[in-house]
Amino acid sequence: MSNKTREPMKPLDAEEFRKQRRLMVTWGVTLLVLFPLLIGLGLFMRLNQGELVHLQPNTFYAIMTLHGLGMAGLLFSFALGGLHFLVGTRFARTSVKVGYFVFIGVVVGVIGLVVATLIGGFAAGWYLLYPLPFKGTSWPEWSSGLTFISLLILGVVWLVGCVHIVRALSLEYGGFFQLMGWRYLGNKEPEEELPPIALISVVSLVPGILAFLAGAVFLIMFLFQLFEPSLEFNPLMMKNILFFFGHTLVNITIYCAVGWVYTLFPEFTGRAWKLTKVTVIAWNATFLFILFAYFHHLYMDFAQPISIQYAGQLASYMSAVPATAVTIFGVIAQLYHSKIKWGVIPLSFFLGAVGWAIGGIAAVVDSTIAVNKVLHNTLWVPAHFHTYMLMGVVLFILGFLYYLTAPQSGKEGGPKAGWAFWTFVTGSYGFLLMFYLGGMNSIPRRFAEYSTMGISSSHEIGALLARLAVFFVVLVLLGIITMGISIFIRLMRWVVTDATSTESSA
Amino acid sequence: MVVLGGDFQMPFYSRSRWGSLVLLGGFCLLFYLVSFTANAWFSLTMPRHQTLQLPIMFALGVGLAFGFSRATIKSAEWKIATLIFVMGTLIFWMLPRSVDWAAFDADFNRIMHVTMVVSGFLCVTALRGASVELRMAFLGMVAAMLLAVGFTLRTFDILLCSAFTISQQQETGLALLLIGGALLVAIVGVFIRSLGIHQANDGL
C-alpha cells in the first residue's frame, strides 16, 4: 500500500502568518539580546577562575546561578517558541495569543531572576540543591522567595505552552496515540503519514509537562520552608524531584530543536525525511526512558537504592542512544549524494547535529557508573552539557534564525557562512576543549577559585585552562555578536517591510 | 438574567423557581450541618478538619456552581485572575497559623467555610468553557500544592498546629499526598484522553 499524505491543515492567511512570524521575531530579538549577556556572565566566571579578575565568592556564585538558570530557561523558551511557530505555520493551528502569554510570562520570570541574583545576590546554583537555599546563605530571604516565585511563573507558562502545542497537534492528527506513531509499528505501512516534528514534539513536551508539575511541587515546598524556617525535608527526596525537573527540561530543549531540524533540513537536501518503524521505536524509547534518566545525577547519593542507580544507567543509555542514532543516521541519509549547497542554514543544522552527538556521547560516558565515580562533579560535566547546548542547540537556533530571515532561500542554504560563523564554531570548540581537559585532569566544577582547593597542581592546571578558555569565550562572543547584528538587521528589515505592506494593504 | 460586572453572567432562573429553591435550601442545610452542627466534630482532629471539612465546603461551592449551569466568567483575563484568587485562598487555608486559628475559633473557622464555598463556586465558573491549557495549568498547580503540603505534613516531626497532634498532622499529610497524587494522575489521564476530542483551539 502506498502512503498517502494527510490532507494538510488549512493554510494560514497572510495576516495570521504575519502575526505568527512577528511573535517569532520577538523571540528572536529577545534571544539575540539576552544570549550574549549570559555568555558575558560565563566569561566573568572563567576570568575569575583564571585569576585574571577577582570576584567575591558570593558574586561568583550569584553570576553562576543566573548564567545557569538564564541559559537553561532562555534556550528552552526559544525552543518552545520555535516549535510553536513551525507547528503553527505548517502542521496545526496554534494561537498567537497563547504564544504571547508564554512570552510575557517568560519575560516576567526572567526579570525576577535577574533581580534576585544580581541585586538580591541569590547564589544557590541553577538547581537550588536542597538545603542550599536555606543553610548559611549570604543573601536575603526575599531574593530566595523571588527566585522560587519567578521559577514557578516560568514553570506555569512553559506548562501552558507545552499543553497548547500538544493539543494543537492532537487536534490535527487525531489524538495522543496517533501522535506517538504507533500505527508505524505494524507490518503494514500506515495509511496516513505523521510528520516527524509531531512525534518529537509529543515525546518532548509530554514528559516536560510532568517535569514542570514536579518542579512546582518542590518550589512550593521551598516557599513553605521560606515562610517556616523550622521545616526540614528529606534532602534525597528533594534532589530526586529537582533533577527530574531540571534534567528533563534540558533534555527536551534539545529534542524540541531537533524537531526543527527534521522539518527544515530536508528543504536544503531536497529529500523528504519521513518516519519509519525504527524512528518511531527510537523516539518512543526516549519518551519512556527520559523520565528515569535523571537518576544518573544521584550516583553519589549512597542513600539512593542501588537498583535505582542501575536503572538510571540503563535509562540514560536508552533515552539518549536510540534517538541520537536514528537522527544522525537520518542526517547522513539526507546528505548522501544530495548536492546540498552549504549555506549557513544547513551548515548550522549539520554541525548542530554533530555537536549534539559529541556532547551526547560525552554525557552517556559520564552516565556510566564506573566512569562517573571518577568524573562526577569535575569539569567533564559542564563540558558535555555545554557541548550539546552550545554546539547543538545554539547552532540549531542560529540556523533557525537565519532561516526565519531568509525563508525564500530554500536550497540556496541562506547566506554563506562567513568568518563570524567560523569564529563562533572555533571559539566554542576551543572553549569546550578546556572544559574536557579540565575534566580529564579532575579539576572540580563550581569552584570560584581553584587556589582554595589546596592541591597546587590542580590549582595551576585549572587556572591555566580557565585563562585559555577566556580567549576562546572572547572568540565566541565576537562571532555571536557579529552574527546577532546581522540577523537582527535582517529581522528588522522584515519588520519594516511587513509594516509597510500592512499599511499599503490597509 | 443577572449580570455581575462586564464579564460575569449568572442566570438565577435557569430552572423553575421551585427547583432553585430546593437547590438553595439543600445547599443551606448542608452548609449549616457542616459549619454549625458538626463543626466541633470536624475541628476535633486535623484530618477531619483539613481533609473533610475543607473539601466539603469547597465541594458545596462546586455543587452550587453546577446548579447555576450558565454562570460563567467569560474573558480569559478574569478567568486567570479568579483562578489566582482561588489558589491564594487554598494556600491561605493550608497555612499552619490559619489552620490553628480556625480550629480554636469557630467564627474564624466560618470565614474559612464561606471562602471555600466561594472558591469552589468561582473555580467552576472560571473553568467552565476554559481552554485545556488553563485547566491543566490550574489543576496541575493545585495537585502540586496538595503534594507539597502533603510532603510537608508527612515528613515534619515538629508540631505545626498547636490545636492538633503530630500523628494527626502526619495522617493529614498522607491523606493530602493521596489526594494530590490521585488528582495528578487524573488530570494527566484526562489530558491524554482529551487529546483525541476535537474542540476549538484558539487561546486561553
Side-chain angles (χ1 to χ4, degrees), chain A residues 88 92-102 105 152 155-180 202 206 209-210 212-225 227-228 230-235 237-238 241 245, chain B residues 76-77 80 83-84 87 90-92 94-97 130-161 173 177 180-181 183-185 187-204:
Chain A
R93 190 160 173 264
T94 55
S95 158
V96 177
K97 277 186 199 167
V98 175
Y100 276 109
F101 175 78
V102 174
L152 262 175
V156 171
V157 292
W158 286 336
L159 178 74
V160 167
C162 291
V163 169
H164 183 66
I165 294 172
V166 174
R167 176 105 179 109
L169 284 166
S170 82
L171 290 175
E172 193 65 31
Y173 293 97
F176 175 76
F177 300 107
Q178 299 290 334
L179 285 172
M180 289 299 289
V202 174
V206 172
I209 291 167
L210 297 175
F212 299 142
L213 290 174
V217 173
F218 89 77
L219 287 167
I220 293 170
M221 289 161 83
F222 273 19
L223 282 172
F224 286 157
Q225 181 153 357
F227 292 127
E228 184 56 64
S230 60
L231 273 174
E232 218 164 86
F233 298 109
N234 180 339
M237 179 188 74
M238 296 301 270
I241 302 176
F245 164 71
Chain B
E77 294 83 351
I80 293 169
L83 292 175
I84 290 172
M87 185 71 96
L90 291 176
I91 290 170
F92 180 80
M94 287 191 184
L95 295 176
R97 197 162 296 182
S131 64
V132 174
E133 291 84 342
L134 199 56
R135 288 176 194 203
M136 276 289 291
F138 175 71
L139 295 174
M141 287 305 125
V142 170
M145 193 181 68
L146 289 173
L147 286 170
V149 177
F151 278 127
T152 308
L153 296 179
R154 185 72 189 161
T155 56
F156 199 47
D157 55 5
I158 295 175
L159 193 60
L160 288 171
C161 304
L177 277 176
L183 181 61
L184 192 66
V185 171
I187 57 172
V188 172
V190 169
F191 169 63
I192 286 177
R193 194 170 163 272
S194 78
L195 292 179
I197 300 168
H198 283 246
Q199 247 178 29
N201 189 45
D202 51 1
L204 293 169

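Remember, it's a predicted structure, so these values are computed and weren't measured experimentally. Naming convention: chains lettered A, B, ... in sequence-line order (proteins, then strands); numbering from 1 in each chain. Keep in mind that the numbers below use all heavy atoms, side chains included, and drop hydrogens, waters and symmetry copies.
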Please identify, among [options], the residue contributing the most non-hydrogen atom pairs under 4.5 Å to chain B.
options	value
Q178(A), M237(A), E228(A), E232(A)	M237(A)
V166(A), N234(A), L179(A)	V166(A)
L213(A), L231(A), I220(A)	L231(A)

Can you tell me which portion of [X] sits under 4.5 Å from chain B's heavy atoms? Options are side chain, backbone, both or neither.
X	result
L159(A)	side chain
L219(A)	neither
I209(A)	side chain

About how many Å separate [atom2] of [Y] and [atom1] of [X], when rounded to the nearest 0.5 Å?
X	Y	atom1	atom2	value
T152(B)	F224(A)	OG1	CZ	5.0 Å
F101(A)	L134(B)	CZ	CG	7.5 Å
F212(A)	M141(B)	CZ	CE	10.0 Å

- Are any non-hydrogen side-chain atoms of F227(A) and L95(B) less than 4.5 angstrom apart?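 The answer is no, as the side chains (C-beta and beyond) never meet within the 4.5 Å cut-off.
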
- Item | Residue pair V156(A) / F138(B), side-chain heavy-atom distance below 4.5 Å |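 No - every pair of side-chain heavy atoms lies 4.5 Å or more apart.
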
- Query: What part of I91(B) is in contact with chain A, defined as an atom under 4.5 angstrom from a non-hydrogen atom: side chain, backbone, both or neither?
  - Reply: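 Interface part for I91(B): neither.
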
- Query: Would you say the side-chain atoms of R167(A) pair up with the backbone N or O of F191(B), donor to acceptor, closer than 3.5 Å?
  - Reply: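 No, R167(A) side chain to F191(B) backbone: no donor-acceptor pair under 3.5 Å.
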
- Message: Walk me through whether V188(B) and L210(A) qualify under side chain to side chain contact (heavy atoms under 4.5 Å, CB included).
- Response: CA-CA 8 Å; V188(B) 172; L210(A) 297 175; 3.7 Å; yes

